[in-house]
A.B. asks: 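Before I ask anything, let me first share the structure, which is written out below as structure tokens.
The residues of the chain are indexed from 1 along the displayed sequence.
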Amino acid sequence: MSEKKILFLHSTGTCLFAEKTGLIIPNDYEDMKEIVYFSSIEELVEKFLYLIENKEKIIEIAKNGYEKTKEFHTSDKRAEYIIKKMNLEL
């Protein structure tokens, strides 16, 4: 799943499942806190079954992911991050 899709889906307040890739994301989402990352079908099924039994955790992950997106991953926040990394003044 592309980073753009992850950011869009998080902005809707969804509990997002995404395959963990080697992509480095500044201020990345924390697994099982703000997103549900998986590396295999077995891990996906395991986490899915856990969350079905713990529905409050689904709501918590969705809320935390939304808040993290608002804090670090809006267009303005991303532009500020890039400018800061380039050592430029706003």
A.B. asks: How would you list all residue pairs meeting salt bridge (charged side-chain N to carboxylate O under 4.0 Å, His left out) that involve residues 50-59, not counting sequence neighbours?
C.D. replies: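 As it turns out, the salt bridge (charged side-chain N to carboxylate O under 4.0 Å, His left out) pairs with a partner in residues 50-59, which skip direct neighbours, are Lys57-Glu60.
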A.B. asks: Donor-acceptor pair, distance only, cut-off 3.5 Å: does the side chain of Lys20 make one with the backbone of Ser40?
C.D. replies: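 Looks like no, no N/O pair under 3.5 Å.
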A.B. asks: Do the side chains of Ile52 and Ile59 join up, straight or via other hydrophobic residues, at under 4.5 Å, putting them in one cluster?
C.D. replies: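 Not linked; separate clusters.
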A.B. asks: Decide yes or no on side-chain contact (heavy atoms from CB on, under 4.5 Å) for Ile35 and Lys68, but give the supporting numbers first.
C.D. replies: CA-CA 10 Å; Ile35 194 168; Lys68 180 91 167 233; over 6 Å; no
A.B. asks: Please report the closest heavy-atom contact between Phe17 and Phe38, naming both atoms and the distance.
C.D. replies: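 Smallest interatomic distance, heavy atoms only, reads C-CE2, 4.1 Å.
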A.B. asks: Is there a donor-acceptor pair closer than 3.5 Å between any side-chain N or O of Glu71 and the backbone N or O of Glu67?
C.D. replies: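 Judged by distance alone, no pair lies under 3.5 Å.
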A.B. asks: For the residue pair Leu51 and Val36, what are the closest heavy atoms and their distance?
C.D. replies: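 So the minimum-distance heavy-atom pair works out to CD1-CG2, 3.7 Å.
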A.B. asks: Could you report the tightest heavy-atom contact between Ile24 and Pro26, atom names first, then the distance?
C.D. replies: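 For Ile24 and Pro26, the tightest heavy-atom pair comes out as O-CD, 3.9 Å.
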A.B. asks: Mind listing the closest non-hydrogen atom pair of Tyr29 and Tyr37 along with its distance?
C.D. replies: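 Looks like O-CE1, 3.5 Å.
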A.B. asks: Taking all heavy atoms of Cys15 and all of Ile61, pick out the closest pair and write down the distance.
C.D. replies: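 Between these two residues, the closest heavy atoms are SG-CG2, 3.7 Å.
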A.B. asks: State the CD1-CZ distance between Ile58 and Phe48, to the nearest 0.5 angstrom.
C.D. replies: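 With rounding to 0.5 Å, CD1 (Ile58) is 7.5 Å from CZ (Phe48).
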